[in-house]
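Report on one structure; see the data block that follows.
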Amino acid sequence: MSSRFACLRTARLAARYPLRRRYATTASDFVRIVEVGPRDGLQNEKQSIPVATKIELINKLAQTGLKTIEAGSFVSPKWTPQMANSSQILEHILKTPPAASHPITYQWLLPNVKGLDNFLSIWQAKAGGNNEYPTPPPSPGGDAASGAGANIHEISIFTAATETFTQKNTNCSIAESLQRFEPIMARAKEAGLNVRAYISVALGCPYEGPNVNPHKVAELAVSLLEMGADEISVADTTGMGTAPKTAELLKTLSAAGIEKSDLALHFHDTYGQALVNSLVSLEHGIRTFDSAVAGLGGCPFSPGATGNVASEDLVHCFHSLGLKTGVDIEKLSEVGEWISYEIGRPNESRAGKATMAQARKRVA
Ligand SMILES: CC(C)(COP(=O)([O-])OP(=O)([O-])OC[C@H]1O[C@@H](n2cnc3c(N)ncnc32)[C@H](O)[C@@H]1OP(=O)([O-])[O-])[C@@H](O)C(=O)NCCC(=O)NCCSC(=O)C[C@@](C)(O)CC(=O)[O-]
């Protein structure tokens, strides 16, 4: 892209979304993986997972080449008890030297001002509220552009495309959830934090059925971007998404004027369609995908929904297409095997299991 065109485009976006700061990938052969295993992956586990295991998981993931890790959430412990020790995880990350050779962006999910207060009280005390933001943030596949090796912290907010899911998940209506976000957004921007916004049940709702109106998703995405969100993660919480539905949703989002680079896609694999839907999204120009190592996951407020698409499966698939993720599939597969063993659940990543089998054969 010529610099003149880049300037014009930036000006146009700045006019449309005045508060936001872009952090999308730019190289078309680079795919950014947002590893959500430590938060979305673990939040639904019934047994209490020791904080040390969570920290070890995050540290191991940070050494696989991943650059963005969703590390925990500041939600009500009455609603999601598994995430109750996220503050300890944040404290640990802030007081230890970076675990990886490159800076990691850590994301923290929160639903309200109380969650933000809890996050800020730790982050501002320990990090002095200094993110040392690189502008633009982490370059596709590269380490150098991210500067001095300081990790970056950002927050995520979440709403949903149906009223029933929003009530079940956050005890408020969609409109009320947007109202809750306004002070969060203002304070986050003041503090220099990027804000990601999730839209759950975008391709099917456990309470209202599989036919979620894509125009509702687009309307919400536009509102969140206008409010200042830096990225929208469009979530197929139930895994009810199919290739045609995904294509229709992406076309609707484009028709609403939303740039592909403003979007991340977040697939769950309940019906085994997550990779297909990822490929449809890839063809549509999406270059940011959420996934969880070993296919961990399931939302406590989406009965029957299973895990996120496995990070190993996504990475294997993207590499097979000649795309770059910066992730070492073998190291990632080791982490998948390790965490599955630690928490006593099957490793749901087929690529992860196959990669480990090949690695063992090589050594034998
Ligand atoms: C939004 C609320 C808080 C409303 O819940 P509420 O019960 O209406 O809240 P409240 O304001 O009445 O407060 C009730 C109690 O919670 C406390 N409280 C209130 N807020 C906080 C907070 N932030 N952190 C810690 N404590 C908090 C508050 O202090 C009070 O404590 P008490 O006085 O009774 O001792 C609640 O519904 C909630 O926490 N919901 C989050 C549920 C959740 O974690 N869902 C999973 C994440 S979303 C997801 O997984 C989907 C996603 C993102 O992955 C994408 C996809 O696949 O769809």
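As the structure is a computational prediction, the values presented were derived from the model and not from experiment. All residue numbers refer to positions in the sequence shown, counting from 1. Ligands are counted one by one from 1 in listed order, and the atoms in each one are counted from 1 as well.
- Seen from the ring of F30, R32 does not count as a face-on cation partner, given the 6.0 Å and 45° thresholds.
- Neither V201 nor L265 shares a network with the other; the hydrophobic side chains, linked directly or stepwise wherever heavy atoms of I, L, V, M, F, W or Y lie under 4.5 Å apart, form separate groups for each.
- Ion pairing between K60 and E56 holds under the 4.0 Å rule for side-chain N and carboxylate O.
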Under the side-chain contact (heavy atoms from CB on, under 4.5 Å) criterion, do T170 and N112 qualify, and how do the steps go?
CA-CA 9 Å; T170 47; N112 54 13; over 6 Å; no

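- Protein residues lining ligand 1, listed by chain and number: R39, D40, Q43, F74, V75, S76, P77, K78, W79, T80, L109, P111, N112, K114, G115, N118, F158, N169, T170, N171, R180, Y198, S200, A235, T237, H266, H268, C299, F301 [non-hydrogen atoms, distance under 4.0 Å].
- Checking each of L253, T246, L250 against I286 for a side-chain contact (heavy atoms from CB on, under 4.5 Å) leaves exactly one that passes, namely L250.
- Side-chain contact annotation: Q43 with T80, donor-acceptor N/O pair under 3.5 Å absent.
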